[in-house]
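Written out below as structure tokens is the structure these notes cover.
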There are 4 protein chains.
Amino acid sequence: MASDSEKTGMAGRYEPRRVPVQARSRERVRRILDAAAQLLIEEGYGGVKTNHIAKRAQVPVGSIYQFFPNRNAIFHALAVRYMDRIRAILEGQLASKAPQRPWEDVLDGVIDTLADVWRSEPAFLAVWVAVQITPELRYADTNYSQIFVDELLVEFLARNFSGLTDDRRRIVARVIFEISQVLLDHSVIHGGDDQAAVVEELKTVLRSYIQTHIDATAHSTPSN
Amino acid sequence: MASDSEKTGMAGRYEPRRVPVQARSRERVRRILDAAAQLLIEEGYGGVKTNHIAKRAQVPVGSIYQFFPNRNAIFHALAVRYMDRIRAILEGQLASKAPQRPWEDVLDGVIDTLADVWRSEPAFLAVWVAVQITPELRYADTNYSQIFVDELLVEFLARNFSGLTDDRRRIVARVIFEISQVLLDHSVIHGGDDQAAVVEELKTVLRSYIQTHIDATAHSTPSN
Amino acid sequence: MASDSEKTGMAGRYEPRRVPVQARSRERVRRILDAAAQLLIEEGYGGVKTNHIAKRAQVPVGSIYQFFPNRNAIFHALAVRYMDRIRAILEGQLASKAPQRPWEDVLDGVIDTLADVWRSEPAFLAVWVAVQITPELRYADTNYSQIFVDELLVEFLARNFSGLTDDRRRIVARVIFEISQVLLDHSVIHGGDDQAAVVEELKTVLRSYIQTHIDATAHSTPSN
Amino acid sequence: MASDSEKTGMAGRYEPRRVPVQARSRERVRRILDAAAQLLIEEGYGGVKTNHIAKRAQVPVGSIYQFFPNRNAIFHALAVRYMDRIRAILEGQLASKAPQRPWEDVLDGVIDTLADVWRSEPAFLAVWVAVQITPELRYADTNYSQIFVDELLVEFLARNFSGLTDDRRRIVARVIFEISQVLLDHSVIHGGDDQAAVVEELKTVLRSYIQTHIDATAHSTPSN
DNA sequence: AATGAATGAGCTTTCATTCAT
DNA sequence: CATGAATGAAAGCTCATTCAT
């Protein structure tokens, strides 16, 4: 089955050369990604040289190229790794298994959890920025996140208020996602004293935004 | 008005070497910036080489270094150029001279105007991204935008509802600014059919967010 | 018959590490050489990587090094394989067992047979070129071909006209050999319409060249 | 006007990036080519590293890439340079301005001159071999030499005996050219005592070959 | 002031060969 | 014997910046 990216004509460039199966290989890849993330934080995109990554990860350069076809593929993998963590958080908290909590609480919980991640792992932010560097990277990235935004956030919205078309719901979900990203980034970058305050504002923004849609829906379909 | 660099403490690195006064020089600088913006869209930050800029701008490389101390200074100048345009728009529409329109209308007007700019100049987006990449650039430019966000947006908020502390108002203003940026970016990147829809969502987001604050303020200060 | 390497004084470097005796091993070596030959045609000497050979031959890289001490040894083996085929052809057609045919006919027959080989196996050409590239390989292989040129061609010349010194005869034989090679190569490279024509020219060249020597010999030794 | 190579789809890769016009630049390019030729002789194709060339030529690597788009382009340029020398020799000796000498003498003269060149410049041989390494290089090369073979050798044949069709004449010319190359190469490689002898054989080969064509022509068109 | 050829440190990537399994 | 992941020296090439003209 062809992957999403194989269809775009813009991708495939960052696909892993070899997927590590043995424990030792997986460990290696992990070390490579950790080193890259660390360097990204310390030096910024331009400062991340393949040889530095190798040295920091305690692997020979050659090993990097066993798993990644090129330098940018490392950044892509990093982004995927972090996006997967976000996905896991969303899955854990948005999924339908805990149906009885009011949506506002669920949302607040998600934001708090994400804020913790952002705060505790500066790499999240760094990766996010790094991935914007090349149009292709950005493209691959957005594609990837779109998948779980669709799966999880759209689904969550659908369960909690039904008054929107599917298309509309996807846009709303994406808007929520994007807003969360920037404001979490912003809270970290201009951290200092306002960090927590910005996170609170994020909650306010999302709550009022969603509420507006609920209200609008309620009015337009009063018979519901 | 003092230039941004005088305030940053990290200043000077991107300051123009020579400010073009003669018509021909000004024209050159304009061509350099246009070329850089164009290349930024096509190739991304990493793909913009000084020699390409020079060739595209039809100026010798040496000329670039007459006006800019280094490559990043070009991106900085580009960011300043674009931020100045945004500032002009905000100044024109938020300033106190047209006091009688309801704030919702003013806001919608601003967003529509900005959306036009973003749509017609994809470079806006590219520049914004480029500036995030280098830590120093990010720092310098965030500061710069902070200035007019403070001046104009904070001012606008202050005029329209007074129930927030100054600090809080600055945060709200910043949140508004960041949200506007991402969603405008997003509307451009995923051009297609949803572009207008995303812009509408942006309006909804901002309106409901601000309204929430107004309401909160009203309650907390019932004498109003 | 002693192997070439015993005579070169530069020997050993390309000697097989292990001579395959079991059927499976022999098959493996054959596959390795076939793969190498094929890649040589497609990519040229510089483009043939050991890993490509292994993949194409469906053997693990390690296997290659079981039989060959290094990359160049593969090319050497290839050259030997092909030279052996040429030798077989020459042996079959030049050897004294078919004494009664006029030398012109014998020569034409040989050329036609060789032309068939060259045409049907483009690798012949590629291998020959590859072997020229590395000084040591060239040395080893020229020596090897020298052996059977001496044995067969010189012998053939000796039988058909006796008026040359041995040294002279070796030079003439070598000249014939070299000319045949280039022109067969040329006929293949510039395939198209002229292929057959070039082969005919080759016959003409060789016939007239040899005839000249016969004539010269006849004059210088009128008593014959 | 499009060059020959621009039409093939296989070339253009070796075209100079910048053609040196000033004396100093021309001198640089000459030094680069000299260094490459020298290294080719000493180390063989594989031993010629761009950095070695640069060091030997006393230029920075960067300079090489100002004039040549890649490593192979250097070999191509080298081949062109030497082919141009051959062309000059052919032009000087085959051209119609010296019409009265018998063709055998002209031919002998050309061969002797070429033999001198081959003997005195080992690079000739090395370059010839190097150019065979990549299919594209060989192709570009043959194309280039074909031009002056057509112009000069075909023309020479046409002037001296008229009994061949044009197409045939081109083949004969090419055959002469190829034979001369190998045997000159051979005379140098297996130099030693036989060097002069091989050159003499080359003359014999060519003379008898051409004479055969003259005779054949004369017979087939006796009325001429 | 204007030019653009010159510079070379340093980057990414490759690939023949080995050797632990 | 068989395997193929691991290795890392070393190659080709780039490109921001300078400075002689």
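Labels below follow one simple rule: chain letters A, B, ... track the order of the sequence lines, proteins then strands, and each chain is numbered from 1.
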Inset, instruction - Mind calculating the distance between CD1 (C:I32) and P (F:dA2) to the nearest angstrom? - result: 11 Å

Inset, instruction - Looking only at side-chain atoms of C:P60, point me to the closest of E:dT18, E:dT12, F:dG4. - result: F:dG4

Inset, instruction - Indicate whether OP1 or OP2 belonging to F:dC15 is found under 4.0 Å from a side-chain N or O atom of B:T50. - result: no

Inset, instruction - Find the distance D:Y45:OH to F:dG12:P and express it as a whole number of Å. - result: 9 Å

Inset, instruction - Return the 5'-most residue of the pair D:N51, A:R24 with respect to DNA chain E, ranking by each residue's nearest nucleotide. - result: D:N51

Inset, instruction - With heavy atoms under 4.0 Å as the rule, sort A:V21 into base, sugar-phosphate or nothing. - result: nothing

Inset, instruction - Measure from the side-chain heavy atoms of D:R71 and tell me the nearest of F:dG12, E:dT3, E:dT12. - result: F:dG12

Legend entry - Separation of E:dA6 P from D:E27 CD (nearest whole Å): 12 Å

Inset, instruction - Inspect the surroundings of CZ in A:R17 and state if more than 12 heavy atoms from other residues, nucleotides or ligands are less than 6.0 Å away. - result: yes

Inset, instruction - Rounded off to whole Å, could you give me the NZ-to-C1' distance for the C:K49 and F:dA11 pair? - result: 11 Å

Inset, instruction - Select from D:V48 and C:V59 the residue whose nearest nucleotide in DNA chain F is closer to the 5' end of that strand. - result: C:V59

Inset, instruction - Ignoring backbone atoms, test whether A:Y65 places a side-chain nitrogen or oxygen under 4.0 Å from the OP1 or OP2 oxygen of E:dT14. - result: no

Inset, instruction - Please confirm whether the backbone N or O of C:R31 pairs with a side-chain atom of C:R56, one donor and one acceptor, at under 3.5 Å? - result: no

Legend entry - Selection from E:dC15, E:dG8, F:dG8 that lies nearest to any side-chain heavy atom of D:V61: E:dG8

Inset, instruction - Return no unless some side-chain N or O of B:S63 is found under 4.0 Å from OP1 or OP2 of E:dA1. - result: no

Inset, instruction - Could you tell me whether the side chains of B:Y45 and B:T134 share a donor-acceptor contact shorter than 3.5 Å? - result: yes

Inset, instruction - Examine E:dT3: is either OP1 or OP2 under 4.0 Å from a nitrogen or oxygen in the side chain of B:R28? Give yes or no. - result: yes

Inset, instruction - State whether A:S25 places a side-chain N or O below 4.0 Å from either non-bridging phosphate oxygen (OP1 or OP2) of F:dA6. - result: yes

Legend entry - More than 12 heavy atoms from other groups under 6.0 Å of CZ on B:R26: no

Legend entry - D:Q22 CD - E:dT3 P separation (whole Å): 16 Å

Legend entry - Watson-Crick and G-U pairing of DNA chain F written in dot-bracket, each distance under 3.5 angstrom, with | for inter-strand partners: .||||||||||||||||||||

Legend entry - Phosphate-side-chain proximity, D:R18 and E:dA6, N/O vs OP1/OP2 below 4.0 Å: yes

Inset, instruction - Determine: side-chain N/O of A:R17 to OP1/OP2 of E:dT13, distance under 4.0 Å, yes or no. - result: no

Legend entry - Any donor-acceptor N/O pair under 3.5 Å between F:dA5 base and A:Q66 side chain: no

Inset, instruction - Start with the C-alpha distance between D:R18 and D:Q66, add both sets of side-chain angles, then the distance that settles side chain to side chain donor-acceptor pair (under 3.5 Å), and finish with yes or no. - result: CA-CA 7 Å; D:R18 186 160 70 80; D:Q66 288 224 330; 3.0 Å; yes

Legend entry - Rounded interatomic separation in angstrom, taking CD from C:E43 and P from E:dT14: 14 Å

Legend entry - Length of the line joining A:H52:NE2 and E:dT13:P, which is rounded to integer Å: 15 Å

Inset, instruction - Examine the side chains of A:D141 and A:Y14 and answer whether a donor and an acceptor come within less than 3.5 Å of each other. - result: no

Legend entry - Touch class at under 4.0 angstrom, heavy-atom based, for A:N70 against every strand present: sugar-phosphate

Legend entry - Separation of atom CD in C:Q58 from atom C1' in F:dA2, rounded to whole Å: 16 Å

Inset, instruction - Answer yes or no: does atom CD of D:Q58 have more than 12 heavy-atom neighbours from other residues, nucleotides or ligands under 6.0 Å? - result: no

Inset, instruction - Show your working on side-chain contact (heavy atoms from CB on, under 4.5 Å) between A:V61 and A:I53 and close with a plain yes or no. - result: CA-CA 8 Å; A:V61 234; A:I53 298 175; over 6 Å; no

